[in-house]
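Take a look at the structure below.
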Amino acid sequence: MKFTLGYAKEEITFTLDDKNIAAVITPNPLDVPIGGRAEVERSLREPIGAPHLGEVVKPGEKVVIITSDITRPVPSYDVIPPILDVLSAAGIPDEDITVVFALGSHRKHNEEERIRLVGREVCARIRCIDFDPADTVLMGVSAAGTPYEIFTPVAKADRLICVGNIEFHYFAGYSGGAKAVMPGVCSRAAIQANHAMMIREGAETGRLEGNPVRADIEDVVRFRPIDYIVNVVLDEHKKILRSYAGHWREAHRAGCAFLDTLYKVPIREKADIVIVSVGGYPKDLNLYQAQKGLDNAKFAVKDGGTVILCASCKEGLGEACFEQWMTGMAPEERIAEIRRNFRLGGHKAAAIALVARQAELCLVSDLEADFVRSLYLTPFGSLDSALAYALGKYGENARITVMPYAGSTLPAYVGE
């Protein structure tokens with residue numbers, strides 16, 4: 001059987017003998033047409049748990065729209081224009097609207113990237129700015145002790161609209177909803193306090209209720225209300241399938257329920273070898289982002305198995321603390337350190353180490369082999385060579401699972 005995986009802006013093709021295939025984890029087949037911008041417009045006409053957006057905003061109010069940064073696949077160029085149409089019809093002039101890119105702990109954009117995210121017309125019409133962690137105001141402290149230090153333009157806005165996509169998140173349960181604010185436009189101290197709860201019980205992929213990280217994210221609305229969300233669920237090609245607009249919690253939960261029907265995939269066996277891609281650009285720009293695929297792959301691999309991650313990582317590791325922990329500590333040291341001294345960035349290094357306890361981790365990337373070895377990962381220049389190595393370990397009858405969209409599909413083991 002022939003397979004194609006996304007890798008940077010290109011593709012990797014390979015073939016497996018049918019006898020070796022344990023599972024191919026792709027989105028569940030649903031008769032859902034691609035919705036695109038028209039689906040966003042529909043969701044705005046049919047909001048969930050809230051009035052029409054045009055009834056929420058009033059002329060003279062300053063409106064901020066938070067949307068995702070370049071490391072996320074949110075098609076803001078299709079989501080934001082319909083929102084602007086509604087705001088314009090409600091009497092909100094362009095000069096009273098600001099688009100804020102939720103960087104969280106990620107790097108700033110250049111002008112070309114901003115245009116790519118929202119489109120040239122929106123950039124020309126609307127003030128579009130990056131979140132600046134040096135410009136925050138303390139809005140309050142969460143029940144769990146997180147200091148909500150929020151980007152000043154967001155804190156001072158009369159109305160706040162959050163744009164995002166809904167996908168599985170390895171300790172917040174799901175992306176989307178209030179996550180645009182926390183951590184999207186919060187200080188590093190706030191993000192660290194929230195993410196420190198990733199090691200607590202209930203902080204896991206696909207879980208909302210009883211998840212301490214998600215509860216802390218959503219507590220932010222007590223201090224900085226979210227007036228509206230527009231969240232989209234994307235297909236494996238990053239096209240809009242469904243859009244959910246309205247109340248920050250009710251619309252988000254509806255989107256999460258749909259995501260489960262699409263991307264939570266039952267499997268009947270765990271594999272010796274799991275071949276993983278996060279779908280290519282932009283999700284494999286660096287290892288910091290591509291880590292999400294490893295975390296989902298752990299549900300599909302046997303203890304003592306091998307995970308082969310195909311990720312270009314053309315921008316390297318992607319975050320300073322993450323790089324320090326990956327290059328300066330052995331896997332078990334990272335796990336011990338995250339329990340002793342939580343550090344944002346280090347948390348993903350620890351998450352990789354937890355998967356490495358279960359399986360050998362091989363990396364097919366553009367990185368130098370010696371550098372990859374220094375990360376305690378096994379380097380390969382091609383998937384063919386990595387697969388040959390793994391088959392040498394487990395034999396010609398090895399069971400192999402392929403995850404072409406590992407950042408978004410969640411294996412759910414249901415047994416034989």
Fill in: D295/K292 ion pair, N-O < 4.0 Å
no
Worksheet item: Do T327 and F371 come close enough that some side-chain heavy atom pair is under 4.5 Å?
Response: yes
Worksheet entry | Candidate list I226, V99, V86, L53, test side-chain contact (heavy atoms from CB on, under 4.5 Å), partner I161, passing option | L53
Worksheet item: Got a second to check how far R242's CZ is from L262's CG, nearest 0.5 Å?
Response: 9.5 Å
Worksheet, complete the sentence: Residues S365 and V372: closest non-hydrogen pair is OG-CG2, 4.1 Å
Fill in: Short side-chain to backbone donor-acceptor contact, R37 and Y77, under 3.5 Å
yes
Worksheet, complete the sentence: In short, V221 meets A178 closest at the heavy-atom pair CG1-CB, 4.5 Å
Item to complete: With T67 as reference, evaluate C128, S76, C162 under the side-chain contact (heavy atoms from CB on, under 4.5 Å) test and give the passing residue.
Response: S76
Item to complete: Could you tell me which non-hydrogen atom of I129 sits nearest to which non-hydrogen atom of P153, and how far apart they are?
Response: CD1-CG, 4.2 Å
Worksheet item: What pairs meet the side-chain hydrogen bond (donor to acceptor under 3.5 Å, both in side chains) rule with one or both residues in residues 122-132, with sequence neighbours excluded?
Response: D94-R125, H109-D130, R114-D130
Item to complete: Identify the heavy atoms of A353 and P331 that sit nearest to each other, and give their distance.
Response: CB-O, 3.3 Å
Discussion item. For E149, is there an ion pair with R188 - N to carboxylate O distance below 4.0 angstrom?
Written reply: no
Worksheet item: Is a side-chain N or O of D260 found less than 3.5 angstrom from the main chain of K264, in a donor-acceptor match?
Response: no
Discussion item. Looking at D219 and A143, would you say the former's side chain and the latter's main chain have a donor-acceptor pair under 3.5 Å?
Written reply: yes
Discussion item. Would the distance check show the side chain of N211 and the main-chain N or O of R207 forming a donor-acceptor pair, the cut-off being under 3.5 Å?
Written reply: yes
Worksheet, complete the sentence: The side-chain hydrogen bond (donor to acceptor under 3.5 Å, both in side chains) partner of K62 among T98, D158, D96 is D96
Worksheet item: Between the side chain of N28 and the main-chain N/O of T261, is any donor-acceptor distance below 3.5 Å?
Response: yes
Item to complete: Classify the angle between the aromatic ring planes of Y405 and H237 as parallel (below 30°), tilted (30 to 60°) or perpendicular (above 60°).
Response: perpendicular
Item to complete: Locate the shortest heavy-atom distance separating I83 from V163; write the atom from each residue and the value.
Response: CD1-CG2, 3.6 Å
Discussion item. Can you confirm whether or not the ring centre of Y389 sits under 6.0 Å from the ring centre of F380?
Written reply: yes
Worksheet item: Do R224 side-chain atoms and V154 backbone N/O form a donor-acceptor pair below 3.5 Å?
Response: yes
Name the atoms and distances for all side-chain donor-acceptor pairs under 3.5 Å in residues 342-350, with sequence neighbours left out.
residue: H347; atom: ND1; partner: G345; partner atom: N; Å: 3.0
residue: H347; atom: NE2; partner: Y170; partner atom: OH; Å: 3.4
residue: K348; atom: NZ; partner: Y288; partner atom: O; Å: 2.8

Item to complete: Report the C-alpha separation of S312 and D366 in whole Å, then their side-chain angles, then the decisive distance to 0.1 Å, and conclude whether the side chain to side chain donor-acceptor pair (under 3.5 Å) test is met.
Response: CA-CA 5 Å; S312 166; D366 295 339; 2.7 Å; yes
Item to complete: For the residue pair P411 and M403, establish whether any side-chain heavy-atom pair is separated by less than 4.5 Å.
Response: yes
Worksheet item: Is the distance between the ring centroids of Y174 and F168 less than 6.0 Å?
Response: yes
Item to complete: Could you check if a side-chain atom of L294 sits within less than 4.5 angstrom of a side-chain atom of V276, using non-hydrogen atoms only?
Response: no
Worksheet entry | Distance-only polar pair, side chains of D216 and S142, donor-acceptor under 3.5 Å | yes
Practice prompt. Inspect the surroundings of CD in E111 and state if more than 12 heavy atoms from other residues, nucleotides or ligands are less than 6.0 Å away.
Written response: yes
Worksheet entry | Test log, rule salt bridge (charged side-chain N to carboxylate O under 4.0 Å, His left out), inputs K302 and D272 | CA-CA 6 Å; K302 291 178 179 177; D272 300 300; 3.3 Å; yes
Item to complete: Taking all non-hydrogen atoms of both residues into account, name the closest pair between S43 and A245 and its distance.
Response: O-CB, 3.5 Å
Item to complete: Tell me, with the steps shown, if E39 and R42 meet salt bridge (charged side-chain N to carboxylate O under 4.0 Å, His left out).
Response: CA-CA 5 Å; E39 168 62 8; R42 180 210 60 77; 2.8 Å; yes
